[in-house]
*Asks:* 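Can you read through this structure? Questions will come right after.
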Amino acid sequence: MATVMRRHSENLLVLAGAEHGHSHPGPVPLVDVMRAAVSEIERYERVTIQSLPPHAHIAGFAADDLSHLVAELLENATSFSPPDAQVQLSGWLLESGEIMLSVQDEGIGMAPDRLEELNTRLASAERADDLDPPRAARDWA
């Protein structure tokens with residue numbers, strides 16, 4: 001629980017625009033970053049790391065932020081899945097040299113008509129940085 005609270009407090013600092021100031025001096029193995037992400041969530045025992053590119057590394061300055069981001073996705077996946085369902089974390093090395101990560105869960109899902117409606121809204125949405133803040137808040141409220 002203390003780890004979850006630390007993650008939430010660091011997320012609040014990011015939202016407030018503060019620099020967290022701690023980064024790794026060199027590249028960090030991707031598997032270590034993903035293990036750190038799993039360890040940051042309450043229901044860590046439900047997450048299985050399926051496969052990751054074996055020699056992939058993350059730049060040290062980005063490792064903690066990536067870990068927090070993946071932890072948020074894992075927290076969401078475990079929170080909105082049946083309590084006995086596993087969540088799988090995996091990754092692939094793309095031809096471009098980039099890494100694609102996947103978080104798979106057995107969430108509650110959404111009705112096909114609602115999914116189509118939301119995908120249509122996302123496809124036609126203006127870029128958030130093109131909107132002035134009052135309009136953005138009004139459009140997404």
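Small disclaimer: the values here were computed from a predicted structure and weren't measured.
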*Asks:* So how far is it from E117 CD to L122 CG, rounded to the nearest 0.5 Å?
*Replies:*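 One gets 10.5 Å once the value is rounded to the nearest 0.5 Å.
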*Asks:* Identify which one of V28, I99, I58 satisfies the side-chain contact (heavy atoms from CB on, under 4.5 Å) criterion when paired with L66.
*Replies:*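 Only match with L66 under side-chain contact (heavy atoms from CB on, under 4.5 Å): I58.
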*Asks:* Any side-chain heavy atom of T78 within less than 4.5 Å of one from D105?
*Replies:*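 Not in contact.
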*Asks:* First locate atom CD of Q104, then atom OG of S81, and finally report the distance between them rounded to the nearest 0.5 Å.
*Replies:*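 Answer for the CD-OG pair, Q104 versus S81, is 11.0 Å.
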*Asks:* Taking all atoms of both residues into account, what is the closest heavy-atom pair of E42 and E75, and its distance?
*Replies:*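 The pair with the smallest heavy-atom distance is N-OE1, 3.4 Å.
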*Asks:* Among residues at least two apart in sequence or on other chains, which ones pass side-chain contact (heavy atoms from CB on, under 4.5 Å) with L52?
*Replies:*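 Only L30, V31, M34, I49, L101 meet the side-chain contact (heavy atoms from CB on, under 4.5 Å) criterion with L52.
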*Asks:* Transitive ILVMFWY cluster of L94 at side-chain heavy atoms under 4.5 Å: who else is in it?
*Replies:*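 Other cluster members: W92, M100.
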*Asks:* Under 3.5 Å, side chain of R46 to main-chain N/O of D84, donor-acceptor pair present?
*Replies:*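 No, R46 side chain to D84 backbone: no donor-acceptor pair under 3.5 Å.
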*Asks:* What are the two closest heavy atoms between V33 and S67, and how far apart are they?
*Replies:*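 Taking V33 first and S67 second, the nearest heavy atoms are O-OG, 3.7 Å.
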*Asks:* Using the salt bridge (charged side-chain N to carboxylate O under 4.0 Å, His left out) criterion, which residues pair with E106? Sequence neighbours excluded.
*Replies:*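 Partners of E106 by the salt bridge (charged side-chain N to carboxylate O under 4.0 Å, His left out) criterion come out as none, since no residue qualifies.
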*Asks:* Does any N or O in the side chain of H57 come within less than 3.5 Å of the main-chain N or O of H55, such that one atom is a donor and the other an acceptor?
*Replies:*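 Present.
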*Asks:* Measuring from E45:CD to Q86:CD, what's the distance to the nearest 0.5 Å?
*Replies:*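 One finds 8.5 Å between CD of E45 and CD of Q86.
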*Asks:* To the nearest 0.5 Å, what is the distance between CG (N119) and CZ (R121)?
*Replies:*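 Between atom CG of N119 and atom CZ of R121 there are 11.5 Å.
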*Asks:* Could you pull out the closest heavy-atom pair between A71 and A37, with the gap in Å?
*Replies:*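 For A71 versus A37, the nearest heavy atoms are CB-O, 3.6 Å.
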*Asks:* Tell me yes or no: between the side chains of E98 and S96, is some donor less than 3.5 Å from an acceptor?
*Replies:*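 Indeed, the side chains of E98 and S96 share at least one donor-acceptor pair under 3.5 Å.
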*Asks:* Please check if atom CD in E116 has more than 12 non-hydrogen atoms from other residues, nucleotides or ligands closer than 6.0 Å.
*Replies:*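 Not more than 12 within 6.0 Å, no.
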*Asks:* Treating S79 as the side-chain partner and N76 as the backbone partner, does any N or O pair qualify as donor plus acceptor under 3.5 Å?
*Replies:*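 The answer is no, because no donor-acceptor pair under 3.5 Å joins these two groups.
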*Asks:* Hey, what do you get for OG1 (T120) to CG (L115), rounding to the nearest 0.5 Å?
*Replies:*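 The OG1 atom of T120 sits 9.0 Å away from the CG atom of L115.
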